Amino acid sequence: MAETGVALRTVAHNVRAARTRAGLSLEELGRRAQVSKGALVALEKAQGNPNLATLVRLADTLGISVSALMQGPSEGRVRVVAADAVAPLWTGEHGGEARLMLTTSGPAPVEVWRWRLEPDEEYPSHPHQAGVVETVSVTSGRMTLVVDGTEHTVEAGQTATFDGDTPHTYRGSGTGTCHLIMTVHLPPGPTGTA
């Protein structure tokens with residue numbers, strides 16, 4: 001698919017540029033992000049198929065947002081993004097998905113995600129860099145949010161927030177599909193967004 005090739009070339013360019021700005025070798029970035037040097041070499045050559053966990057680890061290590069790794073040049077002052085125009089970055093075993101809709105610009109960017117979780121479907125997330133704050137707003141259904149081993153039920157019409165620098169899991173609960181909007185508030189950093 002042509003779109004996939006363009007997206008992969010954009011990620012390759014952005015990873016290489018961010019790594020260069022950070023003054024990191026492939027070996028050092030791989031060590032810090034827990035990604036093999038071979039996978040990084042392939043990624044920077046626009047080959048392979050990096051998963052969401054890999055992109056999150058790279059973004060956290062480089063001090064930028066996941067979407068900064070994925071976005072091309074800015075398109076202007078206003079961006080409108082349709083959900084079906086953005087490919088899922090995570091797909092669950094029962095049909096759930098996570099789509100990174102956009103990331104705001106500025107010194108402390110915010111990622112905006114759309115999630116769909118089916119009952120008992122879950123996504124475990126590694127801890128993010130210190131200072132990351134996440135919110136989840138359930139628009140329909142119910143989910144279980146597990147933060148540092150403690151479960152919290154979040155139902156339609158409720159919003160929860162937590163520090164993202166601890167292990168956390170999103171799990172669909174109840175009998176129906178859970179839809180939610182998640183925001184990831186990134187701390188201000190010297191590298192900003194790409």
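Just so we're clear, the structure is a prediction, and the values are computed from it rather than from any experiment. Numbers for residues simply follow the sequence, beginning at 1.
- Within 6.0 Å of the CZ atom in Arg114, the count of heavy atoms belonging to other residues, nucleotides or ligands does not exceed 12.
- No option in Glu155, His179, Arg116 other than His179 meets the side-chain contact (heavy atoms from CB on, under 4.5 Å) test with Ser140.
- For the atom pair CD of Glu44 and OG1 of Thr20, the computed distance is 7.0 Å after rounding to the nearest 0.5 Å.
- Taking OH from Tyr123 and OG1 from Thr91, the interatomic distance works out to 11.5 Å, rounded to the nearest 0.5 Å.
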Under the salt bridge (charged side-chain N to carboxylate O under 4.0 Å, His left out) rule, what do Glu27 and Arg31 come out as? Steps first, then yes or no, please. CA-CA 6 Å; Glu27 294 86 2; Arg31 186 188 67 74; over 6 Å; no

Begin with the C-alpha distance, continue with both residues' side-chain angles, and end with the deciding distance and a verdict on side chain to side chain donor-acceptor pair (under 3.5 Å) for Thr183 and His185. CA-CA 6 Å; Thr183 59; His185 302 257; 2.9 Å; yes

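- Arg99 places a side-chain N or O within donor-acceptor distance of the main-chain N or O of Val86, the cut-off being under 3.5 Å.
- Between the OG1 atom of Thr54 and the CG atom of Leu40 there is a distance of 9.0 Å, given to the nearest 0.5 Å.
- Separating the CG atom in Leu100 from the CH2 atom in Trp115 is a distance of 10.5 Å, to the nearest 0.5 Å.
- Considering Glu122, Glu121, Glu134 in turn, Glu134 is the only one that fulfils the side chain to side chain donor-acceptor pair (under 3.5 Å) rule with Tyr170.
- Residue Met101 is grouped with residue Ile181 when hydrophobic side chains (ILVMFWY) are merged at heavy-atom distances under 4.5 angstrom, including chains of intermediate members.
- In terms of heavy-atom proximity, Val66 sits nearest to Ala59 at N-CB, 3.8 Å.
- Looking only at side-chain heavy atoms (C-beta outward), Val35 and Leu43 stay at 4.5 Å or farther from each other.
- Interatomic distance, His94 NE2 to Asp120 CG, rounded to the nearest 0.5 Å: 7.0 Å.
- Val11 is connected to Leu24 through a chain of hydrophobic side-chain contacts under 4.5 Å among Ile, Leu, Val, Met, Phe, Trp and Tyr, so both are in one cluster.
- Both Val147 and Trp113 are part of a single hydrophobic cluster, where members link through side-chain heavy atoms under 4.5 Å apart.
- Using a 4.5 Å heavy-atom threshold, the side chains of Glu151 and Thr153 count as separate.
- Put simply, the side chain of Ser125 does not reach to within 4.5 Å of the side chain of Thr169, judged on heavy atoms.
- Residues Val133 and Val154 are members of separate hydrophobic clusters, defined by side-chain heavy-atom contacts under 4.5 angstrom among Ile, Leu, Val, Met, Phe, Trp and Tyr.
- Counting heavy atoms from C-beta on, the side chains of Asp163 and Val132 never come closer than 4.5 Å.
- In this structure, Gln158 places its CD atom where more than 12 heavy-atom neighbours from other residues, nucleotides or ligands lie under 6.0 Å away.
- Note: the hydrophobic cluster containing Phe162 also contains Leu117 (ILVMFWY, side chain heavy atoms under 4.5 Å, direct or indirect links).
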